[in-house]
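Each ligand, and each atom within it, is numbered from 1 in the order the structure gives. When a residue number appears, it is its place in the shown sequence, counting from 1.
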Amino acid sequence: MGRVTDTHAAPTPSSFAEEFLDELHFELGVSRETASPTDLYVALARAVRRHLVEGWFDTLSTQLGGDSKFVAYLSAEYLLGRQLENALLATGLTEVARDALDGLGLSLDELSEQEVEPGLGNGGLGRLAACFIDSLATMDVPAVGYGIRYEYGIFRQTFVDGRQVEQADDWLALGSPWEIPHPEMAVTVGFGGHTEEPAGTGEGTADGAPGPDARQWVPGWTVEAVPYNYLVPGYGTRNVNTLRLWSARATKAFNLEIFNSGDYEAAVRGQTYAENISKVLYPEDSTPQGKELRLQQQYFFVAASLADTIARALGDGDLHALPDRVVFQLNDTHPVIAIPEMMRLLVDVHGLGWDEAWDLTRRSFNYTCHTLLPEALEIWSVDLLGRLLPRHLEIIYRINEEFLASLRDSGGNELQVRRMSIIQEQPERAVRMAYLATVGSTKVNGVAALHSQLLRDAVLHDFSDLWPEKFTNVTNGITPRRFVRLANPGLSALLDETVGTGWVKDLDQLRGLEAHAEDPEFRRGFRDVKAANKQRLVDLLATRDGLHLPTDALYDVMVKRLHEYKRQMLKVLHVVTLYDQVRSGALDPADVTPRVVVFGAKAAPGYRMAKDIIALVNAVAATIDADPALAGRLQIAFPANYNVTLAEKLIPAADLSEQISLAGKEASGTGNMKFALNGALTIGTLDGANVEIRDLVGDDNFFLFGMTEPEAEALGQAGYDPGSFYEQDPALKSAIDLIASGAFSHGDPTAFESIVSDLLWKDRFMVLADYRAYLDAQSRVEAAYADPDAWTRSAILNVARSGFFSSDRSIRDYLDRIWHAPAVPARSNGLRD
Ligand code: 26W
């Protein structure tokens, strides 16, 4: 077998060490003596990757050989987190690798720390996509994730004088050992230009004559989409799926023309222009910028993915089989341009008639909505769309015409027709992508029960009246592999001992813990795990951020994107109130429950208010730190650059999970699930999946507060006046006055003026209205925490009853309700047997 070790024989530490050194020496060209920590990490990653490839080949040959249906998950974001430990877990090689490295005087844990996580997403939506591809692989479902290989992922956050400063996330600076590029499989993607009557022969269709409804699109310029494969290993299965991310490259023709004209500079400029498309992830979360480059990104990855899918699913087969061979899932509206693109392929390129093409398209697509905020619903101006994708705009117009005609036919009045039009007229003509997605899909789902209900009742009300059967719910989930098995080894070991190891693939087995909730021994073990996780976090934040934190305190954690609707401000007001009361003598420091309040949050770079709130959190943290009265009692920790890697350390250490959005605003939340599953108790509103968490863990084990969605809605209707809450609650008034006085800004009263005046005069997300209820709930938290046995019992029950939130269950729901794609376990193809 030459120097390639036979990977079929179970690897031993010595065979693995040999593979590792092979990679280091012969692939990286680095000696053991001169190798940097990064070199060692890369060699290790590549050695591990070898063991994924075989399962991957088997998976591909099994799936492509049969006539299985596969899921094409279209997502502009995948927030993967580090890959090495997950790949080791999936291949079962963790201990082998550890021993092999030990033998070489190296440490697996230290090498793992070298990995820069691929931050190819903003927050919940991107992390959900990453959890879903993990579950799909684990459940042997034929699936491909399609997305964009951004050269720069989500920015790195730093603080300068407490304010957020962004740095480029150069995650590919040293290359990625996990990706396999295929430049030879590049797909050409067109942009701009014009449309015309198809030529009578040849051009219009694959087989010669143009189809009855065909137009010819003549793009003005093209780029190449180069696929990069990432292997997505299932856990406890041979199956390894594919994540295919596209990178933009200038086409030869694009360059050659300009080169030949002798304008070297212009040629290089052109290359830069083309390659800009996959350069950077847009860091805006929930506020679409309407930028041309973003639409270019969307069409770029969608066009490449559809071409790839059709080739893969059908080969030379019959287009009519499309809905039986592939199901597309649109992760929010970002890939919705896929619907007109599919129509273009079927009608213009393959010559199908419009009605038949529309039937096939609608049967192949489904749409997941991830928001409730009106400003987060994407629209694209007709002007821009027409310039960038002229044929797609024509197709959208026709889809809309036929849809509106059918509405009128079935008795719809003009008001309704205008409300439901895919094209909005005011303030400018623009395409409502959520409406296009709804009209062009078989199923539309929200991401938690309440969210799906609000989609039906409000955001897409007219559509759910028209097509009630189209709407469904799939509550989000999280992968227990990454967020328990890897992130919380202490709890994992305790679970293994108590209920066996099956929970990793069947999270409902955690129910078996309930029987142990009363067992003093088990409780002690459970508490020890939490204490060890706190110690691990304290050590990490000491080296990572220079923070000095106690371990014997209530860890109160709020980590998520910074957004007003999520109400980090409410948490700040709680902390400021505690500080204020101690300072004024109203509260004896000895009566303050020792508490560390941990924040983690990135703000969109252009979101002023969010950035001001970050500055305020840091200012309050510094002020409290400087006050000896609160030493050991109250502290804020705000480590910069919250990401997946940090989440894996923070969440297992938490006692209290803050899920305090205004009811009716958070679609689901997924952090909320991670905390509950790791034994934190939630303080939360009836919003998103909090509702389901509370139903499952029991209201005794959840700190509920605040207005319900209908109450918040009614208060808004009645004319919400935040000032009246300020006037009527002395503690609230005093806390806000303290911020306004400059107490946290070296006496400068202007520093947080914008926050204060917004709260007093607008307060769109009703922070002041829920303040009193929140403080009362925090008092209940303190009382509960004072009884360690009762608290531990509640925490155990949170773990035991959170099995529902496995992303495996979400995927099962998608399969049953939407995809109908059976599992196809990978068979060994005997290549190495
Ligand atoms: C730039 C426009 C834009 C608009 C919306 C960017 C990103 C969005 C996303 C829909 C925001 C997002 O990530 N939504 C979150 O999705 C999670 C997974 O379903 C949910 O758990 C969160 O509640 C939801 O905010």
Engineer: Does ligand 1 come near enough to Asn476 that some N or O of the ligand is less than 3.5 Å from an N or O of the residue?
Structural biologist: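 N/O-N/O distance below 3.5 Å exists for this pair.
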
Engineer: Is the distance between the ring centroids of Tyr299 and Phe191 under 6.0 Å?
Structural biologist: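 Distance test on ring centres: under 6.0 Å, yes.
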
Engineer: Show the atoms of ligand 1 that are less than 4.0 angstrom away from any heavy atom in Glu284.
Structural biologist: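 Ligand 1 atoms under the 4.0 Å threshold to Glu284: 1 (C), 6 (C).
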
Engineer: Are Val144 and Leu243 packed together at the side-chain level, in the sense that at least one heavy-atom pair is separated by less than 4.5 angstrom?
Structural biologist: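 They are not in side-chain contact.
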
Engineer: Could you check, using the six-membered ring where one of them is a Trp, whether Trp819 and Tyr814 have ring centers closer than 6.0 angstrom?
Structural biologist: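 Ring centres of Tyr814 and Trp819 closer than 6.0 Å.
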
Engineer: Go through the side-chain N and O atoms of Gln329 and Thr368 and say whether any donor and acceptor fall under 3.5 Å apart.
Structural biologist: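 Result is yes, a qualifying pair exists.
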
Engineer: Using a 4.0 Å heavy-atom cut-off, which part of Glu378 comes near ligand 1: side chain, backbone, both, or neither?
Structural biologist: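 Neither part.
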
Engineer: Using a 6.0 Å distance limit plus a 45 degree cone around the ring axis, check whether Arg149 lies over the aromatic ring of Tyr228.
Structural biologist: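 Checked: cation-pi criterion met.
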
Engineer: Would you check whether Thr371 has a nitrogen or oxygen atom less than 3.5 angstrom from a nitrogen or oxygen atom of ligand 1?
Structural biologist: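 So ligand 1 has no N or O lying under 3.5 Å from an N or O of Thr371.
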
Engineer: Please determine if His334 has a nitrogen or oxygen closer than 3.5 Å to a nitrogen or oxygen of ligand 1.
Structural biologist: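 It does not: no N or O of His334 is found under 3.5 Å from an N or O of ligand 1.
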
Engineer: Give the numbers and elements of all ligand 1 atoms closer than 4.0 Å to a heavy atom of Ser668.
Structural biologist: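 Answer, ordered by atom number: 21 (O), 23 (O).
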
Engineer: With atom 21 (O) of ligand 1 as the reference point, say which of Gly124, Gly671, Gly669 has the nearest heavy atom.
Structural biologist: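 That would be Gly669.
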
Engineer: Could you check Ser657 against Gln659 for side chain to side chain donor-acceptor pair (under 3.5 Å), going step by step and ending with a plain yes or no?
Structural biologist: CA-CA 6 Å; Ser657 160; Gln659 308 301 336; 2.8 Å; yes

Engineer: Tell me: protein heavy atom nearest atom 6 (C) of ligand 1, and distance?
Structural biologist: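 Here the closest protein heavy atom is Ser286 N, 3.4 Å.
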
Engineer: Taking only heavy atoms of Glu666 into account, list the atoms of ligand 1 that are under 4.0 Å away from them.
Structural biologist: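 Every atom of ligand 1 under 4.0 Å from some heavy atom of Glu666: 22 (C), 23 (O), 24 (C), 25 (O).
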
